[in-house]
Amino acid sequence: MRASEYYIPTLREAPAEAEIPSHRLLLRGGFIRPLAAGIFTYLPFGQRVLSKVEQIIREEMNRAGAHEVLMSVLHPRELWEKSGRWDTFKPTPLRVTDRAERHFCLGPTHEEIITDLIAMDLDSYRDLPVTLYQIQVKFRDELRARGGLIRCKEFIMKDAYSFDTSREGLDRSYDAMYDAYVRIFERLKLPMTVVEAEAGSIGGTDTREFMLLAENGEDTVFMCDSCDYASNAECATSRPAAGTEPSEQGRRELVDTPDAKTVEQVCEMLDVTPDRLVKTLLFHTDNGFAAALVRGDRALNEFKLARAVEGDKMRMADDAEVQDLTGARVGFAGPVDLPEDVTIIADHEVRELSDFVTGANQDDAHFVGVNVDVDFEVDQWADLREACHGDRCSECDTGTLQARRAIELAHVFKLGTTYSEALGATFSDSEGREQVAVMGCYGVGVSRIIAGIVEHYHDDDGIIWPRESAPFEAAILLLSPNDEELRGIADNLYDELQDAGLDVLYDERDLSPGIKFAEADLLGSPVRLVVGRTTRNEGKVELRRRGDGHEELVELEDTVHAVLSLLEDA
RNA sequence: CGGGGCGUGGCGCAGUUUGGUUAGCGCGCUUGACUGGGGGUCAAGAGGUCGCCGGUUCAAAUCCGGCCGCCCCGACCA
């Protein structure tokens, strides 16, 4: 591509709204432009990167036996009502109504659509297994978009769905997709940390997220520093901390704690540390009310509680319900003498405690010297607490958990039969009995990958694209475009490199060298060729690798070979 | 939705507290000349509903009210 004929609207300074490197550099380099909060236009450079990433994904999907389709962004309401997600999917899909008052949503994900599609034509077990995928725009009505391409309202996703006759078949399809993902990220040169995760609004089991560790990621993952345990903070587990020593009084006692509603206030008033206190959090669940107990310095993980109570519609009790259940204002709830029908679920760590502090279920009062089994009974023990940096690993004896920020680039999970049942994706097995297809779901955040690459590969001057995703693999800088001889040399090089199969950006614009160098660094092609002074004086071309600054001078006739060899390690 | 910040030429900003000529500066842009190895120099230019609406005032970028948009933190989340 000749730069003079191309569209490269670079910015010398990044717009003020961009804070993180990927956002700033993608804007500065003319890869993207904002249209509205969380909505972007991809310019030629950005589109090229998208295409490269998509192509790698396509190749690996196809290699894994998946087949590409393209589904609509507009989804009829009735399909989402069949799955029950019209009102429950979070964030609520963006809804639209046509002139005939038909209701649609802009698809945030395509389980309903693909399952309906398969259900239309699925008859026999002989039709399975099948895995279909698409690369398509998704809409999610995010409460708040952030970080440029990291979290958008509109984004590009590769989503694949597998249909099998059995759990065993699903396992095979899942493994094939998992392996494909490993290959995709190897080719993209993005080191992945695969973590255990929650399935969220999609549902399912065996959820794994492919995480890129990154300062500006919005997810937190915990990694053991000793074994290979890694998990999203949403579901990370840790060993209960050692218990506290019994205190002196050794028996339950009511103390005044006027207006002390928070752990901090109670601790200050009673002069104790938060790890000697047990928090009681009341929830409304499918099976009535539950009280969740965690140590005062711990955060409750609602995913874990939801799993423990086996309820879909769990929510925190409101102020009136708390008043009703405890007879006290919010802030003074405790496990002692709660109504019989409130299920008490306690975090394992509570078991390690003795003589602790709890709310007294009366206004402005707490108990000290409370003990499990002495003062109240626990109905159910469970892992309820958020893991913390420095917690001991639950999987090995020696490790501790390290918290790291990360960007989720892909996920895989086993859906089972939720959608195939709801949407009628059934088939006849070899004995003529009707069976429900077993599904898996596999997503890759294509546009987010671009942000991930830039977050991972950049320096102060710009982006450092790995060859595989670079918009152009090599950039020729002709520093003296008015010198006919040099121009002829550069034109030749341009042709030769293209003939060698490379994507080449040929900067033959009549601009000062400084601008060309600065833009070349910003745009980040892996290899840069300079045709200029040295070419005129010595007949040589200067080669520079963007990644490590490695430079060499090569004879004209060796240039293509040298570029190719530099690209080997780019 | 809660908290915070911002909105002035394409981009980055000053000016707003304390209302008062013609709204400035840097970059970018146009033209010309010089220059030609890291966003070069000089000269001459173009470009502004000061986010929008309303109000106060002789007078509003500046004060008041409402609204909109954007960013960050939180809540939520593949």
Side-chain angles (χ1 to χ4, degrees), chain A residues 9-20 23-24 27-28 30 33-39 85 88-93 107-111 138-148 150-153 155-159 197-204 207-211 216-220 232-234 299 302-303 315-316 406-413 415 441-449 460-462 477-483 486 507 509-523 528 530-537 542 544 549 551:
Chain A
T10 58
L11 265 23
R12 192 157 171 178
E13 289 173 285
E17 72 262 18
E19 294 199 347
I20 64 172
H23 194 189
R24 294 172 64 84
L27 285 172
R28 280 193 58 209
R33 285 293 179 261
L35 180 60
I39 304 178
R85 294 205 294 181
T88 60
F89 191 87
K90 291 287 187 289
T92 304
T109 176
H110 280 68
E111 283 80 12
K138 308 279 185 186
F139 292 86
R140 292 202 183 164
D141 194 6
E142 295 293 343
L143 295 180
R144 182 161 83 82
R146 67 184 78 190
I150 288 185
R151 184 173 215 81
C152 301
K153 283 190 135 165
F155 57 101
I156 297 170
M157 185 171 176
K158 187 287 302 180
D159 47 328
E198 285 288 336
S201 288
I202 311 280
T207 303
R208 294 289 181 277
E209 290 172 336
F210 287 69
M211 294 288 198
N216 290 305
E218 51 176 4
D219 282 286
T220 300
N232 192 309
E234 290 170 353
E302 291 194 30
F303 290 109
R315 59 167 175 80
M316 266 195 114
I407 303 171
E408 178 196 346
L409 294 184
H411 66 210
V412 293
F413 40 99
L415 292 173
C441 167
Y442 320 94
V444 176
V446 181
S447 45
R448 187 181 272 183
I449 280 177
D460 290 344
D461 297 322
L477 272 51
L478 172 60
L479 296 189
S480 309
N482 298 320
D483 182 318
L486 288 181
D507 191 350
R509 296 173 298 179
D510 187 12
L511 295 173
S512 79
I515 294 178
K516 295 192 176 194
F517 284 128
E519 280 202 356
D521 287 345
L522 174 62
L523 298 172
R528 184 187 79 189
V530 173
V531 175
R533 201 164 55 196
T534 316
T535 317
R536 188 164 44 223
N537 297 342
E542 296 164 49
R544 185 172 198 271
E551 296 193 26

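Just so it is clear, the structure is predicted and the values come from calculations on it, not from any experiment. Throughout, a chain's letter reflects where its sequence line sits, starting with A, and its residues are numbered from 1.
Of the side-chain N and O atoms in R144(A), none sit less than 4.0 angstrom from OP1 or OP2 of C76(B). Distances shorter than 4.0 Å separate none of the side-chain N or O atoms of R12(A) from OP1 or OP2 on G39(B).
Nucleotides U62(B) and G20(B), compared at atom P, are 10 Å apart to the nearest Å. Across the P atoms, G28(B) and G40(B) are found 5 Å apart, a figure rounded to whole Å. Here the separation of U16(B) from C76(B), taken at their C1' atoms, is 37 Å to the nearest Å. Taking atom C1' on both U22(B) and C50(B), the two are 15 Å apart, rounded to the nearest angstrom. To the nearest whole angstrom, the two P atoms, one in A61(B) and one in G19(B), are 14 Å apart. The C1' atoms of C13(B) and G7(B) are separated by 13 Å, rounded to the nearest whole Å. To the nearest whole angstrom, the two C1' atoms, one in G32(B) and one in A23(B), are 29 Å apart. A distance of about 14 Å separates the P atoms of G9(B) and G24(B), rounded to the whole Å.
Nucleotide G54(B): paired with C64(B) (Watson-Crick or G-U wobble, both distances less than 3.5 Å). Of the nucleotides present, G10(B) is the one that pairs with C27(B) by Watson-Crick or G-U wobble criteria, both distances under 3.5 Å.
Contact of R533(A) with G38(B) (side chain to base): no donor-acceptor pair of N or O atoms is detected under 3.5 Å. In terms of polar N and O atoms assigned as donor or acceptor, the side chain of R28(A) comes within less than 3.5 Å of the base of G39(B) in a complementary pairing. Contact annotation: side chain of D461(A) to base of G39(B), donor-acceptor pair absent below 3.5 Å. E13(A) contributes a side-chain N or O that forms a donor-acceptor pair with the base of G26(B) under 3.5 Å.
Nucleic acid contact for G532(A): base, since at least one base atom lies under 4.0 Å from a heavy atom of the residue. Base contact: E519(A) has a heavy atom under 4.0 Å from a base atom. Contact annotation for G462(A): no contact, since no heavy-atom pair falls under 4.0 Å across all strands. Nucleic acid contact for A520(A): none, since no nucleic acid atom lies under 4.0 Å from a heavy atom of the residue. Note on L477(A): nothing from the nucleic acid sits closer than 4.0 angstrom, heavy atoms only. Nucleic acid contact for A197(A): none, since no nucleic acid atom lies under 4.0 Å from a heavy atom of the residue.
Distances from the side chain of P15(A) to the nucleotides C11(B), G37(B), G38(B) place C11(B) closest. Closest approach to the R146(A) side chain among G37(B), C76(B), G39(B) is made by C76(B) (side chain taken as heavy atoms from C-beta onward). Nearest nucleotide to the N482(A) side chain, out of A78(B), G38(B), G36(B): G36(B).
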- [ ] Start with the C-alpha gap between T109(A) and R85(A), add the side-chain angles, then the distance that decides, and say whether side chain to side chain contact (heavy atoms under 4.5 Å, CB included) holds.
- [x] CA-CA 11 Å; T109(A) 176; R85(A) 294 205 294 181; 3.7 Å; yes
